[in-house]
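All residue numbers in this chain count up from 1 along the given sequence. Just the heavy atoms: all of them, side chains too, but no hydrogens, waters or symmetry mates, feed the values below. Whatever order the structure lists ligands and atoms in, that order sets their numbers, starting from 1.
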Amino acid sequence: MAVERTYAMIKPDAVTNGHTGRILSIIQEHGFKIIGLKQKSISPAEAEAFYAVHRERPFYASLVTFMSEGPSVLLVLEREDAIKKWREAMGATNPANAADGTIRKLFAESIERNAAHGSDAPETAAQEIQFFFSASELL
Ligand code: CMP
């Protein structure tokens, strides 16, 4: 399995509730190398563009408001099979369905306020990394 990169976020609910440190520890325990890391308040316009694929969904406006309500931690993670491994570590989108020990089971508040984000495919990972990071920020 090839080494690949994925885009990850610790969302405003988890940052505001003080879970950043524990989630970063879990990331490292799962063998990810942190290639990029910054804390940033995402603007409503950035949240709209980042989640544009969901613009027809009934939760879109609420999702944009949530994602711009406070700081997020933005990450680029690298390891073998990173996209799948990070999605496994996060657990199901809805914390009610997330497996024990996963980030969303431990820290998510609801299907929307679900603590973390991860890219779903290599193409989206490349787009999402580029959306928030310049090449010089990836170390
Ligand atoms: P994420 O993995 O970042 O991708 C899209 C986000 O939309 C998702 O996490 C949740 O924050 C949110 N989301 C997905 N489904 C729903 C839903 N049914 N209701 C509210 N928010 C949702």
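At a 4.0 Å heavy-atom cut-off, ligand 1 touches Lys11 through the side chain alone. At a heavy-atom distance under 4.0 Å, no atom of Met9 approaches ligand 1.
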Evaluate the ring pair (Phe, Tyr, Trp, His ring centres under 6.0 Å) criterion for residues Phe50 and Tyr7: first the C-alpha distance (whole Å), next the side-chain angles of each, then the deciding distance (0.1 Å), finally the verdict.
-> CA-CA 12 Å; Phe50 184 83; Tyr7 176 72; 5.7 Å; yes
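Without hydrogens or angle criteria, Tyr60 side chain to Ala52 main chain gives no donor-acceptor distance under 3.5 Å. Using modelled atom types, one side-chain atom of Trp86 and one backbone atom of His117 make a donor-acceptor pair closer than 3.5 Å.
Atom 4 (O) of ligand 1 has as its closest protein heavy atom Tyr51 CE2, 3.7 Å. What sits closest to atom 17 (C) of ligand 1 on the protein, heavy atoms only, is Phe59 CD2, 3.4 Å. Atom 10 (C) of ligand 1 has Ile111 O, 3.3 Å as its closest protein atom, hydrogens excluded (heavy atom only).
The N/O atoms of Thr93, backbone and side chain alike, include none that comes under 3.5 Å of an N/O atom in ligand 1. Among the atoms of Glu112, some N or O lies under 3.5 angstrom from an N or O of ligand 1. Not a single N or O atom of Arg113, backbone or side chain, sits closer than 3.5 Å to an N or O atom of ligand 1.
Of the listed options Leu63, Val53, Asp13, Leu63 places a heavy atom closest to atom 6 (C) of ligand 1.
Residue His54 has at least one heavy-atom neighbour below 4.0 Å for each of these atoms of ligand 1: 5 (C). Ligand 1 places these atoms under 4.0 Å from at least one heavy atom of His117: 1 (P), 2 (O), 3 (O).
Ring orientation note: the planes of Phe107 and His19 are tilted relative to one another, at an angle of 30° to 60°.
The shell of residues lying under 4.0 angstrom from ligand 1, judged by heavy atoms, includes Arg104.
The structure places CD of Glu109 at 5.0 Å from CG of Asn17, a figure rounded to the nearest 0.5 Å. Here CG of Leu63 is found 5.5 Å from CD of Glu112. Values are rounded to the nearest 0.5 Å. Separation of atoms CZ (Arg113) and CE (Met67) is listed at 10.5 Å; rounding is to 0.5 Å.
Annotation: cation-pi geometry satisfied between Lys38 and Phe133 (NZ/CZ under 6.0 angstrom from ring centroid, within 45° of ring axis).
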